[in-house]
K.L.:
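My structure is below; once you've seen it, I'll send some questions.
Quick caveat, the model's predicted, so the values are computed rather than measured.
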Amino acid sequence: MATSNDKLQKMELRQNYQNLWHTDLMHTVTQDPPYCCFSCLCGPCVSYLLRERALYNDMSRYVCCAGYMPCSGKCGESKCPEICLATEVFCCFANSVASTRFLLQDEFNIQTTACDNCIIGFMFCLSQLACIFSLVACIVGSDELQEASQILNLLADLVYCTVCACMQTQHKVEMDKRDGKFGPQPMAVPPHQQMSRIDQPYPATVGYPPQQQAYGYPPQGYPPPQGQGYPPPQGQGYPAGGYPPPAYNQGHYPPPTH
């Protein structure tokens, strides 16, 4: 019961996340084309590497499916985490990608944009539609439905492989940002996009340049040194000596009329 409540609380927290992925799914191909191709050709290998990197290369922290599945913590992960992770990425590839995604989102307070949700939702809907067509084609025995189901299955597999490759590239780019591989200039993003942990009230500064000290009160250099500023030193009162000038004769004002 406590585990179910924890999962519900995590789901509610994800709805309030404020940070964004460094790149969305639409731009991952242009952000890192070689890695996107690598993810498409060998997805399980990439999933293994990314999970290991998400755990900061500390496999003693590994839990099956990052603790998001009922089997998590019950598969003997502590004895042979490498073998368990390899089994996860090859036998439960989709869950391994999703678990790494949830792990990064919960750690860095990252929300999924509406565009990303639409892409992922389209992938799931197409897979379900292809499965339904396959079942109907088997029951009815129609050649036309069988051909349509095969086309839908092919299209669903292509979309699935493409979206998973983009998702894994998105995770890799985000961890590059976390590790400061982009340098200080690319990391100068608006504050609401900075990554923060759930238990921190302010965004984390990992990979970000140090912030300048905000203007405070009193400002630096105040009050000014003696002899500068206001009031003037003693002996220099107001009005200044010699004013009005001697040539100015107040007795003849206004001047006489002729």
K.L.:
Will you find, in the side chains of Q105 and T112, an N or O donor that is under 3.5 Å from an N or O acceptor?
P.N.:
yes
K.L.:
Rounded at 0.5 Å granularity, tell me how far CD in Q111 sits from CG in L20.
P.N.:
5.0 Å
K.L.:
Any side-chain heavy atom of Y62 within less than 4.5 Å of one from E82?
P.N.:
no
K.L.:
For the side chain of R51 and the backbone of L85, is there at least one donor-acceptor N/O pair under 3.5 Å apart?
P.N.:
no
K.L.:
Looking at side-chain heavy atoms only, is the closest gap between D106 and Y17 below 4.5 Å?
P.N.:
yes
K.L.:
Using 4.0 Å as the upper bound for N to carboxylate O, is an ion pair formed by D176 and R53?
P.N.:
yes
K.L.:
Could you check whether atom CZ of F133 has more than 12 heavy atoms from other residues, nucleotides or ligands sitting under 6.0 Å from it?
P.N.:
no
K.L.:
Is the Lys NZ or Arg CZ of R178 less than 6.0 Å from the centre of Y56's six-membered ring, within 45° of the axis?
P.N.:
yes
K.L.:
Around atom CG of L135, are there more than 12 heavy atoms of other residues, nucleotides or ligands at under 6.0 Å?
P.N.:
yes
K.L.:
For the residue pair C125 and Q128, establish whether any side-chain heavy-atom pair is separated by less than 4.5 Å.
P.N.:
no
K.L.:
Does any part of the side chain of Q168, heavy atoms only, come nearer than 4.5 Å to the side chain of V97, both counted from C-beta?
P.N.:
yes
K.L.:
Checking D58 side chain against S60 main chain: does a donor-acceptor pair fall under 3.5 Å?
P.N.:
yes
K.L.:
Do V140 and Q146 make a side-chain contact, defined as non-hydrogen atoms from C-beta onward lying under 4.5 Å apart?
P.N.:
no
K.L.:
For the residue pair T28 and W21, establish whether any side-chain heavy-atom pair is separated by less than 4.5 Å.
P.N.:
no
K.L.:
Are V46 and L50 close enough that some pair of their side-chain heavy atoms sits under 4.5 Å apart?
P.N.:
yes
K.L.:
To the nearest 0.5 Å, tell me how far M123 CE sits from D157 CG.
P.N.:
11.5 Å
K.L.:
Taking the side chain as everything from C-beta on, heavy atoms only, tell me whether C84 gets closer than 4.5 Å to C64.
P.N.:
no
